[in-house]
Amino acid sequence: MRIYMIRAPLYGPHFVLLLCQFWIFLFLSLISYSHCAVKKNVDPPIEIKSKLGDKVSLPCEVKCGDAFFVVWSRSDSMKNPHDQWPRIYIHSHETVSKPIGELANRASLNTDRMAANLSINYIETSDEGFYKCEVTYIKEVANCPSVSFVHLQVLQPPKVAMEPRSGIRIVEHSQPAIFHCTYTATPKELISNATKWFKEDKQLDIEDNQDLYRVKNGGVHPTLKILNVTREHRGTYFCEVSNEIGPGYSPYGVKLEVTYPPKVSIRMFPDATRGAMIREDDDVQLFCDVEDGNPLNSSKVRWIKKTNDGSEMIINETTQNELLFTSIDRTSSANYSCTAFNEAGWSPESNVIEIDVKYLPSPAELRQINANYPLKDDQLILECFVHQLGWPQAVEYEWEQDGYRMEYERSSILNISRINLSTRGNYSCAAVSSVGLGQRGYLYISPMASPRFIESLPKINGALYNAPSHSASCRVECEPICSISWYRNNVLINNSSREFIIKETQHPPESEANIFLSIVSTLTWNMTVPLDKYSNPYEISCSSTGNMVGTGVSSSMMFQVEYPPENLTVIPSNMNVVEGNLPEPIKCHSDALPAPSYLWERRGVPIVVSPVLEIPHPITQENGTGNFTCVAYNRHGSVRIDAVISVLHKPSCEISENTIRLEGQERANTLLTCEATANPNTGLVFQWEIGNQTFSLPNSSDFMSTHETRSHIVISPDDRSMFGLWTCSVTNSIGTSECIFYKSAPLVDSRWMMPHLDDKSIILIAASLAIVIVIFILILIIIICRMKRRRAKQESHQIALEVEKPEASSSPSTSSLSNHVIPSKAINYNKEPNFRYKRTDKVIDTDRKIISQVQSMPRRAEHHIMESPSMMQIGKEPYSNDISFNSKELSMIKFGPLERNIVYTDLQITNDDDDDKSHLNRDHIFHTPISSNHVSLHPSNRQTPLCDYAVLNFDQTNSPTSFC
């Protein structure tokens with residue numbers, strides 16, 4: 001069959017025609033296939049296996065040329081008829097290629113001239129089956145296969161389901177429990193020994209518990225059998241099986257429910273096990289509680305009574321779990337238990353509870369059982385004896401000391417391991433049972449102490465030969481009390497002795513130190529006559545008497561007269577050591593009692609504690625020369641002595657340069673001085689060299705001199721042969737050393753150099769310069785002062801005007817002069833052509849109010865201000881009525897009330913005209929209060945102020961601009 005293809009764009013008028021051609025071709029292909037399928041030989045299907053979720057490619061060969069049309073279809077069986085092969089993918093040459101149905105989003109076709117393979121993504125279980133590929137060629141070729149088959153197996157792990165789903169319910173120990181693990185899988189064959197069984201989320205250990213479990217892996221499904229089912233097997237069981245693809249786990253399990261008889265316990269109210277006491281005529285309740293069981297509820301309860309003779313009986317069987325005894329008597333005293341029944345059977349017998357009637361122990365009797373007397377540091381054992389211990393019998397005892405309970409004592413025996421002062425007191429005890437406390441018994445304990453030294457004599461004791469006093473004491477603890485005696489060389493010292501004084505004191509017990517009653521005896525030497533420090537030592541002893549619990553004690557000491565160190569010597573006291581050698585040891589010795597200790601010091605620093613000073617290293621000038629001090633000391637004092645070490649060493653020298661002017665010479669010479677340090681420093685031999693030659697001139701004594709440790713060379717500036725490298729050699733009995741100095745020739749003729757000035761000349765020149773500067777400063781100060789005084793004489797005379805405010809309530813106060821305010825910058829001044837106004841002011845305000853404004857009013861007519869006859873005298877010059885105002889400036893001072901403020905105002909009026917024009921008319925000026933804030937100055941013949949005079953404002957209110 002020949003097909004003609006017309007190429008057309010995908011979208012356009014030819015697209016519909018193309019689709020019609022496609023469906024006609026499809027119809028003809030089906031008819032052709034139906035006729036040809038029977039005739040053609042078909043190869044067996046190709047087997048393809050793929051895991052669930054993977055991607056698979058199904059092959060389809062194109063063997064006979066270019067494929068025009070490819071159709072893929074699928075069926076569950078090869079034997080299905082053609083109509084049961086639904087298409088899953090169709091492909092037309094360069095026109096249509098798309099998957100159909102379930103593979104719409106997962107399939108694609110990979111085509112070329114040799115194949116049309118179908119690729120499927122994310123393989124699912126439903127994709128398993130037979131796939132058919134039908135190829136229609138553009139040119140038909142005889143005997144060319146056009147149909148091929150592929151068998152796809154989807155490999156997947158098992159899907160597991162546990163059986164029986166309804167669960168298993170079994171009575172404990174009655175029969176086995178069997179679980180079935182059903183599954184579906186591809187491949188169906190399971191991996192042997194890979195089956196796992198779980199209880200909840202924990203895997204069962206089958207191999208190590210084969211006496212409990214049986215597993216069957218053969219047959220249709222694996223099976224688990226629990227042989228002896230117990231309550232511990234309750235739970236939900238799961239299984240897991242595996243094939244070659246992987247494991248499968250059951251999503252739900254089988255619940256095993258095990259029923260078993262109840263477990264019960266008996267209890268009582270009141271509860272005797274918690275200390276409740278049961279007496280006759282009390283009401284008692286018994287309860288049989290179900291603690292465990294499946295099911296938990298019980299249908300019957302049996303009550304069992306066990307008597308003391310061993311008999312046992314069931315006293316009741318009811319459906320209730322409570323048994324009530326009303327007004328119980330002692331005949332009901334017995335042991336009780338219970339048992340309960342549910343659908344699994346009777347429970348084991350419960351615990352046993354006892355009902356009993358109780359009574360108190362008899363009175364106690366207290367006694368000491370270990371000794372006749374309680375002795376200090378010994379053991380004390382007390383017994384609490386009780387004839388009847390009560391019912392139930394007392395198992396512990398309660399002890400008290402002086403009414404305070406002894407918390408940790410519970411037995412009938414009180415054991416105090418060591419008696420001390422705190423042991424003394426009144427003891428009591430009583431037996432304690434579960435019923436209560438019996439009657440107490442009492443015993444008072446008073447401990448005793450045998451004689452024992454608290455303070456004994458030292459083995460050796462001494463007194464300073466000239467000490468003002470000396471004594472020795474011993475203290476003995478003993479209760480009952482004892483006495484003390486003193487002995488000298490075993491001879492009793494009595495109180496009438498002139499040489500000694502004996503004093504005895506009794507001390508009360510000391511609780512903190514655990515010291516019983518004690519006695520102190522003090523032996524004092526009569527020191528009116530100094531002791532002989534060279535006398536022989538003698539023995540002093542103190543002895544006590546015994547008491548009823550022990551014998552006396554004794555202590556002895558050797559007494560000696562002591563003295564501080566004296567007769568201190570060092571050998572050798574002076575030592576000469578050549579530098580680099582080891583000095584011999586220096587020994588220090590002193591007489592003293594007690595024997596002295598020795599310490600060596602160097603420059604106040606301790607260096608060794610020993611009577612012998614040994615220097616272990618070679619000695620040098622730096623660390624050897626000087627004094628080494630030996631200090632001998634004991635507790636009475638110390639003495640010191642010095643040992644001197646002198647280090648002998650060869651000389652060391654240094655050359656210095658100075659200038660010197662010899663008598664009769666105009667030019668200064670150079671003086672070289674070689675100064676040596678040596679030990680010994682006597683008989684030093686100096687030798688000078690210049691260059692490599694020894695300095696020697698016929699008259700060398702005029703140029704070189706030597707005095708003790710110094711040697712001098714005088715160098716003339718005119719002798720060029722004496723300039724160069726000088727070497728000074730110094731020799732003593734130890735050795736020789738050298739030092740060098742280079743002296744260069746002068747570059748300038750010394751006649752043109754400044755003369756040499758000594759220190760005294762320099763000081764005189766500096767003092768003269770200082771005096772000149774001071775005189776210049778004083779002249780400058782005098783000139784400035786005279787200029788100021790001349791300027792002051794040109795100032796106008798000051799006029800004092802006292803102005804008092806009319807307020808009667810105002811009173812002067814000196815405290816108003818306490819503060820000053822700097823001049824205000826806000827003051828405005830008016831100028832006229834011929835006058836300059838100058839103003840300064842200071843304000844004192846008692847109310848702490850700052851006067852910010854003092855205004856000067858504009859002038860009107862007359863260019864003058866007259867003085868007031870009431871003005872106060874200012875300084876030494878009072879203003880008078882015939883004052884002449886010929887001066888260039890006029891000042892006015894105004895005083896306000898002290899309790900308000902004082903304003904110092906300088907109104908300076910300067911006339912720039914000639915003196916002839918500066919004569920001012922005379923008039924009187926008075927002050928008139930305008931208000932509490934203003935004061936006006938005006939002529940005496942006028943009642944209103946003139947504008948040419950100032951209005952003074954004392955606060956922050958604005959002044960009037962004009963009074964005209």
- [ ] Using atom types as modelled and distance alone, determine if a side-chain donor or acceptor of N294 lies under 3.5 Å from a backbone N or O of V258.
- [x] yes
Open item on the list: Just to verify, what does E124 make a salt bridge (charged side-chain N to carboxylate O under 4.0 Å, His left out) with, not counting sequence neighbours?
Closed with: R106
Task: Pairs flagged by ring pair (Phe, Tyr, Trp, His ring centres under 6.0 Å) wherever residues 287-345 is involved - sequence neighbours left out - done: F325-Y336, F341-W346
Open item on the list: To the closest 0.5 Å, what do you measure between CD1 (I278) and CG (D283)?
Closed with: 10.0 Å
TODO: Can you sort out the partners of S192 under side chain to side chain contact (heavy atoms under 4.5 Å, CB included), two or more places apart, ordered by chain and number?
DONE: none
Task: Option passing side-chain contact (heavy atoms from CB on, under 4.5 Å) with I88 (candidates V71, L118, D127) - done: L118
- [ ] List in chain and number order the residues that pass side chain to side chain contact (heavy atoms under 4.5 Å, CB included) with S166, two or more places apart in sequence or in another chain; answer none if no residue qualifies.
- [x] P164
- [ ] Check salt bridge (charged side-chain N to carboxylate O under 4.0 Å, His left out) between E172 and all other residues, then give those that pass, not counting sequence neighbours.
- [x] R231
Open item on the list: So V56 and L152, do their side chains get closer than 4.5 Å, heavy atoms only?
Closed with: yes
For residues 175-189, which side-chain N or O atoms pair as donor and acceptor with protein atoms under 3.5 Å away, sequence neighbours left out?
residue: T182; atom: OG1; partner: A161; partner atom: O; Å: 2.6
residue: Y183; atom: OH; partner: K188; partner atom: O; Å: 3.1

Open item on the list: Could you work out, with salt bridge (charged side-chain N to carboxylate O under 4.0 Å, His left out) as the rule, every residue matching E61, not counting sequence neighbours?
Closed with: K63
Open item on the list: Could you work out, with salt bridge (charged side-chain N to carboxylate O under 4.0 Å, His left out) as the rule, every residue matching D271, not counting sequence neighbours?
Closed with: R274
TODO: Return yes when atom CH2 of W197 has more than 12 non-hydrogen atoms of other residues, nucleotides or ligands closer than 6.0 Å, and no otherwise.
DONE: yes
Open item on the list: When you compare the side chain of V284 with that of I355, does any pair of heavy atoms fall below 4.5 Å?
Closed with: yes
Task: Side-chain heavy atoms of K358 within contact of P392, under 4.5 Å - done: yes
- [ ] Indicate whether the side chain of S265 and that of S350 have a donor and an acceptor atom separated by less than 3.5 Å.
- [x] no
Open item on the list: Under 3.5 Å, is there a donor on one side chain and an acceptor on the other for S97 and Y89?
Closed with: yes
- [ ] Could you list the residues that satisfy side chain to side chain contact (heavy atoms under 4.5 Å, CB included) with N209, not counting sequence neighbours?
- [x] D205, D211, L212, Y213
Task: From T339 atom OG1 to E317 atom CD, the distance as rounded to the nearest 0.5 Å - done: 9.5 Å
Open item on the list: Any salt bridge linking D76 with R74? Criterion: basic side-chain nitrogen under 4.0 Å from a carboxylate oxygen.
Closed with: yes
- [ ] Give a yes-or-no answer on whether the side chains of E343 and T259 include a donor-acceptor pair shorter than 3.5 Å.
- [x] no
Task: Qualifying side-chain hydrogen bond (donor to acceptor under 3.5 Å, both in side chains) pairs, either residue in residues 234-251, two or more places apart - done: R234-Y260
Open item on the list: Can you list everything that forms a side chain to side chain contact (heavy atoms under 4.5 Å, CB included) with E102? Sequence neighbours excluded, please.
Closed with: S126
Open item on the list: Which residues pass the ring pair (Phe, Tyr, Trp, His ring centres under 6.0 Å) test with W399, not counting sequence neighbours?
Closed with: none
